[in-house]
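Worksheet: the structure to be examined is printed underneath.
Quick note on labels: first sequence line is chain A, next is B, and so on, each numbered from 1. No hydrogens, no waters, no symmetry mates; every other heavy atom, side chains included, goes into these values.
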Amino acid sequence: MPIRLFDSLSRQVRELSAAQPDGVFRFYNCGPTVYAPAHIGNFRTFVINDVLRRMLELEMGPGKVRHVRNITDVDDRTIGQSRKEQRPLGEITRMWTGIFHADCDALNCLRPTAEPTATGYIREQVSMIEVLMEKGNAYRAADGSVYFRVGSFPGYGALSRVKERELKVTNSAFDADHKDDVGDFALWKAHKPDEDGDVRWPGPAGAAEGRPGWHIECSAMSRKILGDTIDLHTGGVDLLFPHHENEIAQSECCNGVTLARHWYHTEHLLVDGTTMSKSKGNYYTLGDLVAKGHSPVTVRYALLAGHPRKQLNFTLDSLHAAESALATLRAYRAALRRLKPASTGVYDKVLDALRDDLNTPAALGALFTVVNRGADGGNLADFERVIFALGLDLDRPAGLPATPPEVAILAEKRWAARGARDFAAADALRSELAAAGWSMLDGKDGYKLEPIKK
RNA sequence: GGCGCGGUAGCCAAGUGGUAAGGCCGAGGUCUGCAAAACCUCUAUGCGUCGGUUCGAUUCCGACCCGCGCCUCCA
């Protein structure tokens, strides 16, 4: 059964396939801008794309998937952050790239096969802009910037249906720039000393020194690493317009062929029913959630609990649900390990759900339907395969914070009291531990301490 | 204003023209000094409202109500 996925351009669910004779699937996923920690909404997209990557590998073989995810390391926000902190741009972006990687690893996302940076591909971007200028799709503005002339590309708007909408244009952006038409967008931005500091590169022939516009990096890197036509291009819904629309325009005008055979966009994560924003106090990073005592696997599970093409309302409560569900899966696996494998194919519906437009909630539902039948009908190898596809690392320690010494002392005292069958003292100590925010789980040969979740 | 998405049990969330997966919570039970864990059982005559099509609609069509997102550098 092939993998079927909704295609944002044709607006229907279509089979995924590799077009090139080498059978390699070429997959480009728009990555993060590295100027601050990514938030869990960003990670919804990366986690979903990771499940997709895993499914593709299971289906086509690990060597048959080329997965590119870029790092945007030069744009208004990265430069802004660098100036705010009075530190070199590269230092800022390197730091946040490192943190992004750590978060991805914690969430058990496989590393992409290539992770190009915008600053690493300036030459490719410049030469692409030069081609567009030669072909008449781009023009130099008065200040030395280069803009893409949207009117020169008849296909503009096919992805986002931008032609059918009336742009609610304030004209502020238009007035501030030097472009011929409001719809035109920057390919190259002339250097502005008061805003850009020392961030600048030699521009395309005939243009000023400066830096690339946002959209061109993906076009250039995708082309350089994967070729003129790729099999799949993905990102969050917010990238549909203008980012992906503009990428199509640039790439197709430059290369003369279709940019991507398939487009896929994940919907937004909402928190407490609305968009995340720092002012609303509902803005979470992975680190925020870990600090509240939740493990990254739990977060990953919660991010998989909703259909990727539907807005998912994330709440702290959903993490508690996820944690309980994961505990059941861990117990089930432990039971499977003690049993002889039974029939194979019992989890097929889980993978089928994932093949069917990446329906992660249906997959989880199908998983638990099997789990609820009991471990003695299960098959460990098959179960592990399904867990791999979902990327749920059931072994990963919960990342518990270190036990404070005073808590450890209380626990030791209680364990001793319990051993001496002084249950009154043991219960009193349990209360003290609870007051300190810790719960003590008695086992046969020892105990475990866990912070009580906030 | 334009474009798009959604409203399913206390919460989260799949799904189908033929009578509602699953998770959490809750209740009961087994086990256990207590607690927890684990395991077992139970929990929507109902799928925003009103019409229509149909033998039959939560699922198709229409209207309406409500919520959310995007509309130029936000995954």
Separation of atom [atom1] in [X] from atom [atom2] in [N], rounded to whole Å:
{"X": "Gln311(A)", "N": "A75(B)", "atom1": "CD", "atom2": "P", "result": "16 Å"}
{"X": "Gln250(A)", "N": "U72(B)", "atom1": "CD", "atom2": "P", "result": "18 Å"}
{"X": "Asp357(A)", "N": "U16(B)", "atom1": "CG", "atom2": "P", "result": "12 Å"}
{"X": "His268(A)", "N": "G6(B)", "atom1": "NE2", "atom2": "P", "result": "16 Å"}
{"X": "Asp348(A)", "N": "A21(B)", "atom1": "CG", "atom2": "C1'", "result": "17 Å"}
{"X": "Arg373(A)", "N": "C39(B)", "atom1": "CZ", "atom2": "P", "result": "16 Å"}
{"X": "Tyr301(A)", "N": "C24(B)", "atom1": "OH", "atom2": "P", "result": "8 Å"}
{"X": "Phe314(A)", "N": "C24(B)", "atom1": "CZ", "atom2": "C1'", "result": "14 Å"}

So what's [N] paired with, Watson-Crick or G-U wobble, going by both distances under 3.5 Å?
{"N": "U43(B)", "answer": "none"}
{"N": "G10(B)", "answer": "C24(B)"}
{"N": "G17(B)", "answer": "none"}
{"N": "G33(B)", "answer": "none"}
{"N": "C5(B)", "answer": "G67(B)"}
{"N": "C60(B)", "answer": "G52(B)"}

So Phe153(A) and Phe148(A), would you call those rings parallel, tilted or perpendicular, with 30° and 60° as cut-offs?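 Perpendicular: the ring planes of Phe153(A) and Phe148(A) meet at over 60°.
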
Mind telling me whether Phe100(A) and Phe46(A) have parallel, tilted or perpendicular rings, with 30° and 60° as the class edges?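 Geometry flag for Phe100(A) against Phe46(A): perpendicular rings.
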
Classify [X] by what it touches in the nucleic acid, base, sugar-phosphate, or nothing, heavy-atom distance under 4.0 Å.
{"X": "Ser318(A)", "answer": "nothing"}
{"X": "Gly235(A)", "answer": "sugar-phosphate"}
{"X": "Ala327(A)", "answer": "sugar-phosphate"}
{"X": "Asn313(A)", "answer": "sugar-phosphate"}
{"X": "Thr266(A)", "answer": "nothing"}
{"X": "Thr315(A)", "answer": "nothing"}

Select one nucleotide: of [options], the one nearest the side-chain heavy atoms of [X].
{"X": "Phe46(A)", "options": "G22(B), G69(B), A75(B)", "value": "A75(B)"}
{"X": "Thr274(A)", "options": "A21(B), C71(B), G69(B)", "value": "G69(B)"}
{"X": "Thr369(A)", "options": "A21(B), C71(B), G4(B)", "value": "A21(B)"}
{"X": "Phe185(A)", "options": "A75(B), C68(B), U72(B)", "value": "U72(B)"}

Pairwise [atom1] distance for [N] and [M], with rounding to whole Å:
{"N": "A57(B)", "M": "G51(B)", "atom1": "P", "result": "13 Å"}
{"N": "C25(B)", "M": "U58(B)", "atom1": "C1'", "result": "25 Å"}
{"N": "A21(B)", "M": "U16(B)", "atom1": "C1'", "result": "11 Å"}
{"N": "C61(B)", "M": "U54(B)", "atom1": "P", "result": "16 Å"}
{"N": "G7(B)", "M": "C12(B)", "atom1": "C1'", "result": "14 Å"}
{"N": "C5(B)", "M": "G10(B)", "atom1": "C1'", "result": "26 Å"}
{"N": "C50(B)", "M": "C66(B)", "atom1": "P", "result": "16 Å"}
{"N": "A20(B)", "M": "A13(B)", "atom1": "C1'", "result": "13 Å"}

Could you say whether Leu269(A) or Asn246(A) is positioned toward the 5' end of RNA chain B, judged by the nucleotide with the nearest heavy atom to each?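 In this pair, the answer is Asn246(A).
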
Closest-nucleotide 5' rank along RNA chain B - winner of Leu270(A) and Glu267(A):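 Here Leu270(A) is the residue nearer the 5' end.
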
For residues Val68(A) and Ser222(A), determine if any side-chain heavy atom of one lies less than 4.5 Å from a side-chain heavy atom of the other.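 Contact flag for Val68(A)/Ser222(A) side chains = no.
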
State whether a side-chain donor-acceptor pair under 3.5 Å links Thr72(A) with Asp75(A).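 Not at all, the side chains of Thr72(A) and Asp75(A) share no donor-acceptor pair under 3.5 Å.
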
Check this for me, if you would: do Arg333(A) and Asp395(A) make a salt bridge, where the nitrogen-to-carboxylate-oxygen distance has to be below 4.0 angstrom?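 A salt bridge is present here (some side-chain N lies under 4.0 Å from a carboxylate O).
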
Would you call Arg414(A) and Asp422(A) a salt bridge, taking side-chain N to carboxylate O under 4.0 Å as the test?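 Asp422(A) and Arg414(A): not salt-bridged.
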
State whether [X] places a side-chain N or O below 4.0 Å from either non-bridging phosphate oxygen (OP1 or OP2) of [N].
{"X": "Asn359(A)", "N": "G15(B)", "value": "yes"}
{"X": "Lys349(A)", "N": "G22(B)", "value": "no"}
{"X": "Arg309(A)", "N": "C5(B)", "value": "no"}
{"X": "Asn372(A)", "N": "G23(B)", "value": "yes"}
{"X": "Ser324(A)", "N": "C25(B)", "value": "yes"}

Base of A14(B) paired with side chain of His307(A) (donor-acceptor, under 3.5 Å):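 Check fails, no donor-acceptor contact within cut-off.
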
Give me the one residue out of Arg69(A), His67(A), Met221(A) that meets side chain to side chain contact (heavy atoms under 4.5 Å, CB included) with Glu115(A).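 Output: one option passes, namely Arg69(A).
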
Of all residues at least two apart in sequence or in a different chain, which pass the side chain to side chain contact (heavy atoms under 4.5 Å, CB included) check with Phe423(A)?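 In terms of side chain to side chain contact (heavy atoms under 4.5 Å, CB included), with neighbours along the sequence ignored, Phe423(A) is linked to Arg418(A), Arg421(A).
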
Candidate list Glu247(A), His265(A), Arg26(A), test side-chain hydrogen bond (donor to acceptor under 3.5 Å, both in side chains), partner His233(A), passing option: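 Going through the options one by one, the only one that passes is Glu247(A).
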
Can you check nucleotides 33-36 of chain B for protein contacts, nitrogen or oxygen pairs under 3.5 Å, and list what you find?
| from | atom 1 | to | atom 2 | distance (Å) |
| --- | --- | --- | --- | --- |
| G33(B) | O6 | Arg414(A) | NH2 | 2.8 |
| G33(B) | N1 | Asp427(A) | OD1 | 2.9 |
| G33(B) | N2 | Asp427(A) | OD1 | 2.8 |
| G33(B) | N2 | Asp427(A) | OD2 | 2.5 |
| C34(B) | O2 | Asp427(A) | OD1 | 3.4 |
| C34(B) | O2 | Arg430(A) | NE | 3.2 |
| C34(B) | N3 | Arg414(A) | NH2 | 3.4 |
| C34(B) | N3 | Arg430(A) | NH2 | 3.1 |
| C34(B) | N4 | Asp442(A) | OD2 | 2.2 |
| A35(B) | N1 | Asp442(A) | N | 3.0 |
| A35(B) | N3 | Arg430(A) | NH2 | 3.0 |

Aromatic centroids of Tyr35(A) and Trp96(A) separated by under 6.0 Å: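 No: the rings miss the under 6.0 Å criterion.
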
Matching residue for His244(A) among Tyr28(A), Trp263(A), Tyr264(A), Tyr156(A) - test: ring pair (Phe, Tyr, Trp, His ring centres under 6.0 Å):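 Exactly one option meets the ring pair (Phe, Tyr, Trp, His ring centres under 6.0 Å) with His244(A), and it is Trp263(A).
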
